[in-house]
Amino acid sequence: MKRVLSEQELERRRARQQLEAMGIHPYPYRWEVTAHASEILASFDDARHQPRENGPAPEPYEVSIAGRIMTRRIMGKAAFFDLQDETGRIQVYVRRQDLPEGFYDQVFKKLLDIGDIVGVKGYVFRTRMGEITVHAQRLELLAKALRPLPVVKEQDGKVYNVVTDKEFRYRQRYVDLIINPEVREVFRKRARMITTIRRFLDERGYLEVETPVLQPVYGGASARPFITHHNALDMQLYLRIADELYLKRLIVGGYEGVYEIGKDFRNEGLSRFHNPEFTMLELYVAYKDYYWMMDFVEELLEHVAIEVTGSPEVQWGAHTISFRRPWPRIPMFEAIKERTGYDLYGKSRDELAAIARKLGLEIDDTMGSGKIIDEIFGEFVEPHLIQPTFIIDYPIELSPLAKRHREKPGLVERFEVIVGGKELCNAFSELNDPDDQRARFEEQARLRAAGDEEAMQIDEDFLRALEYGMPPTAGLGIGIDRLAMILTNQPSIRDVILFPLLRPEQPAVPASADGADQAEASES
RNA sequence: GACCCCGUAGCUCAGCUGGUAGAGCACCUGACUUUUAAUCAGGGGGUCGCAGGUUCGAAUCCUGCCGGGGUCACCA
């Protein structure tokens, strides 16, 4: 089945055929670019470049630019169009008399459209209306657009006919990027954010590494994995849910600081805070503990906020979020007590369940004490923590890879950073006692046997590594997408991931040569 | 997975107490040599998400399905 082409698509295919008939290649090979829109606008100097009466001859400002035609204003023998390149838009002035015989009337006016990519050579001047403009002396088609571009016009900062359909924007992100400059800016900021983090870590001597995405045993977090298969070895493999266990092997190996920025995959639901594949930073530093890591994260995130937004104070929706150091450090049980009035420390599983029920939560018999505490925290505390806040000292049941607290029995040395009511970072003093780690894994195995699909698998090779001795180590994970949401003021994770996961559209239908045939048929 | 909202031209939308579709931009034809949401005159373009049902008649009412958004649940 062939896709039925719209009137405008037929028109553009007809134009393409006519161009070819005239000997104009609709998809040529190369164009020399010497300037971009924003630099031209910034560097044009009226005193030097603009001709004036009785003045000295202006110094020619010649440029060769390339980009997409975004708007056109055609008059009889001359026309203006806006050309958009990566840096922005600049106006181009075209006159019939400046171009080869017939080009203006037959090619530019009839066969070029909004959305086509062109190259322009010419000189820069300022029009009577005061707009810096490239006067074209040469104009070439560089790529014919066969689909019409949704046109966005603007005047006095008011924008008309903006594409607001989220589905359209996510599925055809390439179009979203063409027509929405603020979307281009979001992903520039995201890149700047990651570059800043990387530089910060590199400057401190930490080694950037790459560990396996395909893993025979998955671990490092509680989540359901994606499962795949390797044919040659005929074995089941998992897409990683975390980098943690491999990075700690590298600490065993003698590197004293390692980090990885990469994708993790979790087979869970989608929401404005969750995408099945997402980007995580994990960092492990030898001879440090979680107190040191709290200082480190504060410094890192304050620095990143300033580099990306220009200020440690960041606007996110209705909130102004301040990454300025220091941030409050609140033990989990204190935070819960403050919000609910209940002190959960030392309470038995059944006491916890009773309290949770009194608070209106649904508790079933399969939930352990750690799970119940987590429920209470997630319901009554987390959503209220808008400013960056360290929540510290978690129940041991929730943290099978964290070291026991040096003073508080039943707890581990772990912190999360909550920002905007959501977890942004997770860190601990890493468990390096191999026997304790084995016991924790075995507890996870019991949970798994009892039906907890998110419980961890026992990783024998990781235990073997620990048995060779891992130094005291502090570890950290940061959700890069969530950080990007806050630093770019976006409400949904889909707005900071270029191609978020969506259900597939109807079967993709090709627009084949049939379209061109239709175009011919419609002419006769 | 549950609930709520949405799906009409390439884009933004109107039409929805039932009488088989409209506007602006975009597109096509013509006019116009400094325009800028260019302007002026004329014109074409739609399986109204899909499939059933009710009805003489459905974009409109009902049911189911598909896709998207949001909230909840799980999770980072």
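Letters go in sequence order (proteins before strands), and every chain restarts at 1.
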Asker: For A:Asp165, answer base if it contacts any base atom (sugar-phosphate contacts may also be present), sugar-phosphate if it contacts only those atoms, and nothing otherwise; contact means non-hydrogen atoms under 4.0 Å.
Answerer: sugar-phosphate
Asker: Closest-nucleotide mapping onto RNA chain B: is A:Asp82 or A:Phe168 further toward the 5' terminus? I mean the 5' end.
Answerer: A:Phe168
Asker: What contact category does A:Arg12 fall into here, base, sugar-phosphate, or nothing, at under 4.0 angstrom with non-hydrogen atoms?
Answerer: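 It contacts nothing in the nucleic acid.
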Asker: According to the Watson-Crick and G-U wobble definitions, with both distances under 3.5 Å, which nucleotide is paired to B:G52?
Answerer: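 Per the H-bond distance test, B:C62.
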Asker: May I ask you to establish whether A:Arg329 and A:Phe390 are in a cation-pi arrangement, using a distance under 6.0 Å from NZ or CZ to the six-membered ring centre and at most 45° from the ring axis?
Answerer: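 Flagged: A:Arg329 positioned over aromatic ring of A:Phe390.
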Asker: Between P on B:A26 and CE on A:Met70, what's the gap in Å once rounded to a whole number?
Answerer: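 That distance rounds to 13 Å.
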Asker: In whole angstrom, give me the gap between the C1' atoms of B:C6 and B:C50.
Answerer: 16 Å
Asker: State, without any angle test, whether A:Glu454 and A:Ser222 hold a side-chain donor-acceptor pair at a distance under 3.5 Å.
Answerer: no
Asker: With rounding to the closest Å, how many angstrom separate the P atoms on B:G68 and B:C62?
Answerer: 24 Å
Asker: Just call it for A:Glu379: base, sugar-phosphate, or nothing, with non-hydrogen atoms closer than 4.0 Å on any strand.
Answerer: sugar-phosphate
Asker: Determine the contact category for A:Asn275: base if any of its heavy atoms lies under 4.0 Å from a base atom, sugar-phosphate if only primed atoms, P, OP1 or OP2 are that close, otherwise nothing.
Answerer: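 Base contact.
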Asker: By the salt bridge (charged side-chain N to carboxylate O under 4.0 Å, His left out) test, which pairs, at least two apart or in different chains, include something from residues 264-281 of chain A?
Answerer: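 Sorted pair list: A:Arg240-A:Asp264, A:Lys263-A:Glu277.
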Asker: Just name whichever nucleotide pairs with B:A41, Watson-Crick or G-U, keeping both distances under 3.5 Å, else none.
Answerer: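 B:U29 - that is the nucleotide pairing with B:A41, both distances being under 3.5 Å.
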Asker: Salt-bridged, A:Glu443 to A:Arg446, with N to O below 4.0 Å?
Answerer: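 Salt bridge between A:Glu443 and A:Arg446, a charged N being under 4.0 Å from a carboxylate O: yes.
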Asker: Which of the following nucleotides, B:C11, B:U71, B:C27, is nearest to the side chain of A:Val163?
Answerer: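 Taking heavy atoms from C-beta onward, the closest nucleotide is B:C11.
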Asker: Can A:Arg16 and A:Glu20 be counted as an ion pair, charged N to O under 4.0 angstrom?
Answerer: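 Salt bridge between A:Arg16 and A:Glu20, a charged N being under 4.0 Å from a carboxylate O: yes.
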Asker: When the P atoms of B:G19 and B:A58 are compared, how many Å lie between them, rounded to an integer?
Answerer: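 Comparing P positions in B:A58 and B:G19 gives a spacing of 11 Å.
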Asker: So, OP1 or OP2 of B:C66: does either fall under 4.0 Å of a side-chain N or O from A:Arg503?
Answerer: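 No, no such contact exists.
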Asker: Whole-Å distance between B:G7 C1' and A:Arg171 CZ?
Answerer: 13 Å
Asker: Rounding to an integer number of Å, can you tell me how far A:Lys371 NZ sits from B:A73 P?
Answerer: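 For the pair A:Lys371 NZ and B:A73 P, the rounded distance is 11 Å.
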Asker: Can you work out whether A:Asp481 or A:Ser271 has the more 5'-proximal nearest nucleotide on RNA chain B?
Answerer: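 Its nearest nucleotide lies further toward 5', so the answer is A:Ser271.
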Asker: Report which part of the nucleic acid A:Glu282 touches: base, sugar-phosphate, or nothing (heavy-atom distance under 4.0 Å, all strands).
Answerer: nothing
Asker: Looking at B:G70, I'd like to know if its phosphate oxygens (OP1 or OP2) sit under 4.0 Å from a side-chain N or O belonging to A:Arg494.
Answerer: yes
Asker: Which whole number of Å gives the distance between the C1' atom of B:U8 and that of B:U47?
Answerer: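 After rounding to an integer number of Å, I get 12 Å for this pair.
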Asker: So if I define the base as every atom that isn't primed, P, OP1 or OP2, how would nucleotides 28-35 of chain B read as a B/S/- string at a heavy-atom cutoff under 4.0 Å?
Answerer: SSS-BBBB
Asker: Tell me, please, which residues at least two apart from A:Val151 pass side chain to side chain contact (heavy atoms under 4.5 Å, CB included).
Answerer: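 Partners of A:Val151 by the side chain to side chain contact (heavy atoms under 4.5 Å, CB included) criterion, ordered by chain and then number, come out as A:Ile114, A:Lys153.
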Asker: Which nucleotide, in any strand shown, forms a Watson-Crick or G-U wobble pair with B:G46, with both distances under 3.5 Å?
Answerer: none
Asker: Just jot down the side chain to side chain contact (heavy atoms under 4.5 Å, CB included) partners of A:Arg96, sequence neighbours excluded, or say none.
Answerer: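 For A:Arg96, the residues satisfying side chain to side chain contact (heavy atoms under 4.5 Å, CB included) (neighbours in sequence not counted) are A:Lys77, A:Tyr104, A:Asp105.
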Asker: Whole Å only: how far is the NZ atom of A:Lys166 from the C1' atom of B:G7?
Answerer: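 Spelled out: NZ on A:Lys166 to C1' on B:G7 is 16 Å.
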Asker: Paired with B:A2 by Watson-Crick or G-U wobble geometry, both distances under 3.5 Å: which nucleotide is it?
Answerer: B:U71
Asker: With sequence neighbours left out, which residue pairs that include part of residues 376-397 of chain A fulfil the salt bridge (charged side-chain N to carboxylate O under 4.0 Å, His left out) condition?
Answerer: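 Sorted result for residues 376-397 of chain A: A:Asp393-A:Lys408.
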Asker: With a 3.5 Å limit on both atom pairs, tell me what B:C16 is paired to, counting Watson-Crick and G-U wobble, or say none.
Answerer: none
Asker: When the C1' atoms of B:C13 and B:A38 are considered, how many whole Å apart are they?
Answerer: 24 Å
Asker: Could you state the atom-to-atom distance from CZ of A:Phe278 to C1' of B:C74 in whole Å?
Answerer: 14 Å
Asker: For A:Ile396, which residues count as a side chain to side chain contact (heavy atoms under 4.5 Å, CB included) partner, sequence neighbours excluded?
Answerer: A:Arg404, A:Val412, A:Arg440
Asker: Determine the Euclidean distance between corresponding P atoms of B:G15 and B:C61; express it in Å to zero decimal places.
Answerer: 12 Å
Asker: If you measure only the distance, is there a donor-acceptor pair under 3.5 Å linking the side chains of A:Asp495 and A:Tyr170?
Answerer: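 Result is yes, a qualifying pair exists.
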Asker: Write down the distance between CD1 (A:Ile179) and P (B:C25), rounded to a whole number of angstrom.
Answerer: 18 Å
Asker: If I pick the C1' atom on B:G45 and the same atom on B:C56, what distance separates them, to the nearest angstrom?
Answerer: 31 Å
Asker: Work out how far the P atom of B:A26 is from that of B:C66, and round it to whole angstrom.
Answerer: 39 Å
Asker: Can you tell me the distance, in whole Å, between the CG atom of A:Leu10 and the P atom of B:A9?
Answerer: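 To the nearest whole Å, that distance equals 17 Å.
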Asker: Specify the separation, in whole Å, of atom CD of A:Glu167 and atom P of B:G7.
Answerer: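 Rounding to the nearest Å, CD of A:Glu167 and P of B:G7 are 13 Å apart.
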